Amino acid sequence: MTTVQLLIVALSAIVLVGVLGAFVIAYRRSESPGRQARSWRAGLSRETRKADRSALATPMVVQPAEPDAVPEMEVTEAVATAAEDAAEEESEEPVAAMQAVEVMRVEELSPQEAGVNRRQFFTRALGATFGAFVGLNGISYLAFLWPRLSGGFGSDIDVGAIADLQTEVVLNDGSILPKFVPEARAYIVPFAESDISRSQFEGSGVVAGGLTALFQRCVHLGCRVPWCDASQGFECPCHGSKYNYVGEYEAGPAPRNLDRFAVEDQNGRLIVKTGTIIQSARAIAKTVQYPQGPSCIALNSPTAV
Ligand code: FES
């Protein structure tokens with residue numbers, strides 16, 4: 001797994017933990033209405049709860065009105081008559097003299113009647129966002145695997161007919177011109193069958209049909225290593241590492257030879273197995289000569305050797 005892939009996975013994990021945390025907080029804040037009711041009722045005094053229960057049990061209480069204080073006055077005949085008339089009227093309409101006290105009635109609504117409140121809306125929105133995040137991550141991981149399934153880098157790649165490749169990489173004057181295959185991220189270069197026994201690659205499966213496949217990446221810090229036609233080798237412009245045309249270490253800070261891939265001759269076609277990168281230590285005895293001319297980076301890189 002490359003550094004970029006590791007960073008993406010780490011970033012995804014951090015975001016995932018953050019979303020999970022937010023989800024848990026939102027969930028705990030949206031406790032059930034029954035639990036919320038229990039918690040605020042617990043804060044009331046016993047007398048208050050008792051009064052509340054009795055009030056709820058009595059839907060309507062009707063209390064007689066207190067008779068207004070009657071000022072003392074001298075009772076004359078006329079006043080006595082008026083009082084008698086008023087008493088008669090009161091006895092005919094007793095309800096009008098009563099005072100009604102309404103008690104507020106609290107009715108619990110069903111979830112269907114109450115509809116979706118704001119907290120439920122945000123909780124559901126957060127859940128939907130989390131689901132979308134997980135789905136997108138799944139698609140991203142599938143995209144990472146897709147090249148392996150479809151034949152891109154990471155799979156076995158057919159880079160062409162061996163006979164054609166042999167004539168492409170060795171020119172008429174005997175000089176070498178590697179063929180770069182972007183899909184395999186590899187240079188195809190010649191590697192004489194007669195040289196295998198005196199190299200460190202004997203029996204490693206990296207040579208087939210007189211050809212080998214070198215990974216394009218410099219083993220020092222990962223720059224793409226270009227070909228230098230003049231010196232007939234690979235020379236890294238980043239810090240000056242140099243390799244001969246079969247990828248053996250020659251100079252610079254690189255810790256080993258260029259990495260390479262296993263190759264196979266399948267019915268005359270060269271198959272590069274890019275799923276496994278093969279490393280090898282710096283070659284002590286070189287298989288081919290280097291340099292065969294002036295270096296491309298000798299004057300440009302202060303660390304070049
Ligand atoms: S990356 Fe090639 S020499 Fe440093």
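We use all heavy atoms of the structure for the numbers below, so side chains are in, but hydrogens, waters and symmetry mates are not. Just follow the structure's listing: the first ligand is 1, and inside any ligand the first atom is 1. We're numbering straight along the sequence, starting at 1. None of the values given here were measured: they were computed from a predicted structure.
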note = Counting only protein N, O or S atoms and ignoring waters, those under 2.8 Å from atom 2 (Fe) of ligand 1 are Cys218 SG, Cys236 SG
key: Tyr290/Tyr245 aromatic ring centres below 6.0 Å   = no
ask   = Residues in salt bridge (Lys or Arg N to Asp or Glu O under 4.0 Å) with Glu202, at least two apart?
value = none
task = May I ask you to check whether over 12 heavy atoms, not counting those of Leu171, lie within 6.0 Å of atom CG?
result = yes
ask   = Distance only, no hydrogens: is a donor on one side chain within 3.5 Å (strictly under) of an acceptor on the other, for Asn257 and Gln200?
value = yes
message = If only side-chain N and O atoms count, and only distance matters, is there a donor-acceptor pair under 3.5 Å linking Thr287 with Glu248?
response = yes
task = Spell out, with a plain yes or no, whether Cys223 and Cys238 have SG atoms under 2.5 Å apart.
result = yes
